[in-house]
Amino acid sequence: MASRPPLFALAALALVLGTGQAAAQGTPDTGGVRFPLRVGLPDTLLPIPRPAALDAAWAGVRRSPAQAAAAFDTATTALLQTSRAGWRHDRLLDRLYRRAAFADVIWPADEQVDRPRRNVFGLESDLVDMTLDGNIRLEMSTERFANLKCTSVQLQDPLSGCQPRFGAPRVDNVILLQARGVVGRRLYIDVDLDTERDFANNNTIRAYYQGLEDEVLQRVDVGTVRFAPPPSRFLTAGIPTNNFGISAAVEYGALSVGALAATQKGSVVAERTYRIGDQTVQDQERLARDLDYETGRFYWVVDPTVLPGYPAVDALTLADLAVPANVRPTEVRVYRYRAAAGNEGTNPNLGGITAIALNEAGTSRQQVGPLPWELLVQGRDFWLDPSGLWFVLTTKLDPNDFVAVSYITTDGTLVGTFPAADTPGRPDSLRLIVEPNRGPEAGSFRHALRNAYRVAGSDLNTASLKVAVVVNRSERPPEGIATWLGVFGL
């Protein structure tokens, strides 16, 4: 470290310099001889320290004035753009919510324009122009069920009505709404909703974007859409309408492309064909799966396994089938036992014929009763085939009902006791042919006809009926057989 001169030397130097300067200022120049005095000072007398900021690592490279001006312009431009974006947002809020006081401060007088009318939402019509019409109706109801003829069993059932109380309220709503308008001159809204219409696909709920003539994207629909194919003689009918999904239309020069992805709602009849002659007939095609047979109505009187040629048995030609005399029935009576529901006040089987129903044809022995059986009337409750081997009920059985038969064969054999009225003290016997919830191991399982299918009603012309059996989507049977019915011997 450099040593500093003594303080008295500095004071003497200052006195000499000050005296010489004063003499020079106060005495005129007489042209005398001057003796200049030169004093040398060491460099380390008054050291000038370097600012610490210039040695910092973050100081970087010093910029020229031009660079500093360019950086200032860039920062000012970015700040101005941010401020303008905020002003535009504030102006939009002003137009939407009419913040007039704020607008008068921000915007000059020459930018203030006359605001158009406002709609029901309080928005200006040049931004959102929409009309609404409709009503909403709410309906609330409840019920109180009271049973005035309660039994001791029903008193324990909280749903029997023996302890009447009001149930939980039910709320229904009916909505009728029509809304049409435009948002921002490009987005259109079209709503026509009525919850009381018979078909939901009659309602229209959609929003679509409509582009300008010179834009590539012409239109986008969301909601209720319609497929509009180009004119063609191959597409004339069966075009689904009022579908729900999304569609788009694009035009690029002479090329037009449309796309649609939607779910079809409702049923559409693609084609109807009539044959006109002595009468007008409409041909119909119905596809029935093998498991769609008519259940709960068609039953065998006898065990079908005893018939000749089983299982290749045609139920419509049994009158000509050679059936043994001890098997073919000549007189048949049908009995039904109705399962009583827990909340019914009366037994539906009162006054029936008390009998035991048995079936020992299967691997497991079946027996029910004695129960009071209702005797069904032929021609009213059931129809018996002329062969006497099967019958059809006029109404479908309840899943919990039992059915039994009793008949007399051609040789006089009696199956069951063939009762026509109740005989107190002596239960009769019947053959059980229907028992709920039994599998193939039960003998009653084979009495149900599982080859009867519903085709049409009484207006069907049986001569015009054609039936085809399709296996694995094919009507062609194996080699040597004309039809699939031939595989079953029919």
Side-chain angles (χ1 to χ4, degrees), residues 149 151-154 294-304 306 323 325-362 364-438 442-449 452:
K149 296 181 179 180
T151 63
S152 59
V153 177
Q154 292 176 342
E294 189 76 6
T295 61
R297 294 188 60 195
F298 294 84
Y299 294 97
W300 292 101
V301 175
V302 301
D303 188 349
V306 301
V323 180
N326 61 344
V327 174
R328 182 183 292 275
T330 55
E331 295 184 50
V332 179
R333 289 177 179 171
V334 181
Y335 308 84
R336 177 174 57 186
Y337 174 77
R338 300 172 183 260
N343 56 357
E344 292 186 2
T346 59
N347 189 347
N349 304 292
L350 291 178
I353 300 173
T354 304
I356 299 175
L358 302 171
N359 193 311
E360 301 178 351
S364 61
R365 185 176 183 273
Q366 298 174 257
Q367 175 179 343
V368 295
L371 298 173
W373 297 83
E374 175 190 1
L375 178 61
L376 302 184
V377 179
Q378 184 176 350
R380 186 192 69 183
D381 299 323
F382 72 96
W383 176 84
L384 183 66
D385 185 67
S387 65
L389 296 175
W390 61 276
F391 66 92
V392 55
L393 298 172
T394 56
T395 59
K396 183 178 293 188
L397 289 178
D398 187 89
N400 297 320
D401 287 352
F402 294 79
V403 177
V405 296
S406 182
Y407 57 91
I408 302 175
T409 63
T410 304
D411 62 353
T413 302
L414 191 63
V415 178
T417 57
F418 203 67
D422 189 24
T423 55
R426 181 181 65 84
D428 293 289
S429 63
L430 308 172
R431 168 169 285 185
L432 183 66
I433 65 172
V434 176
E435 182 180 5
N437 304 322
R438 293 303 299 265
S444 61
F445 184 83
R446 297 198 293 264
H447 281 266
L449 270 77

State the [atom1]-[atom2] distance between [X] and [Y], to the nearest 0.5 angstrom.
X	Y	atom1	atom2	value
Thr410	Glu331	OG1	CD	10.5 Å
Leu375	Tyr335	CG	OH	5.5 Å
Leu397	Thr295	CG	OG1	9.0 Å
Glu435	Gln367	CD	CD	10.5 Å

*Take Asp303 and Arg446 through the salt bridge (charged side-chain N to carboxylate O under 4.0 Å, His left out) test and state the conclusion after the steps.*
CA-CA 7 Å; Asp303 188 349; Arg446 297 198 293 264; 2.8 Å; yes
_Contacts of type side chain to side chain donor-acceptor pair (under 3.5 Å), residue Thr330, not counting sequence neighbours_ = none
*Just do the side chain to side chain contact (heavy atoms under 4.5 Å, CB included) check on Thr417 and Thr423 with the steps written out, would you?*
CA-CA 11 Å; Thr417 57; Thr423 55; over 6 Å; no
Can you name the closest pair of heavy atoms from [X] and [Y] and give their distance?
X	Y	answer
Phe391	Leu393	CE1-CD2, 3.8 Å
Ser364	Ala442	OG-CA, 4.1 Å
Gln366	Arg438	CG-NH1, 3.8 Å

*asked:* Going by the rule side chain to side chain contact (heavy atoms under 4.5 Å, CB included), which residues pair with Val332 if we only count those two or more places apart in sequence or in a different chain?
replied: Val301, Pro329, Val334, Leu384, Tyr407
*Flag, side chain of Arg328 to backbone of Ser387, donor-acceptor distance under 3.5 Å*: yes
*How are the rings of Trp383 and Trp390 set relative to one another: parallel (under 30°), tilted (30 to 60°) or perpendicular (over 60°)?*
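It falls in the perpendicular class, over 60°.
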*Side chain proximity check, Arg336 to Asp401, heavy atoms < 4.5 angstrom*: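 Of all side-chain heavy-atom pairs linking Asp401 with Arg336, at least one is under 4.5 Å.
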_Val434 vs His447 side-chain heavy atoms within contact, under 4.5 Å_ =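 Val434 vs His447: side chains apart.
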*Begin from the C-alpha positions of Thr394 and Arg380 and carry the test side chain to side chain contact (heavy atoms under 4.5 Å, CB included) through to its verdict.*
CA-CA 7 Å; Thr394 56; Arg380 186 192 69 183; over 6 Å; no
*Is Arg333 close enough and on-axis enough to Phe418, meaning under 6.0 Å and within 45°, for cation-pi?*
yes
Pair up each side-chain donor or acceptor in residues 351-361 with any protein partner under 3.5 Å, not counting sequence neighbours, and list the distances.
| unit_1 | atom_1 | unit_2 | atom_2 | d |
| --- | --- | --- | --- | --- |
| Asn359 | OD1 | Ala361 | N | 3.1 |
| Asn359 | ND2 | Leu432 | O | 2.5 |
| Glu360 | OE2 | Arg365 | NE | 2.8 |
| Glu360 | OE2 | Arg365 | NH2 | 3.4 |

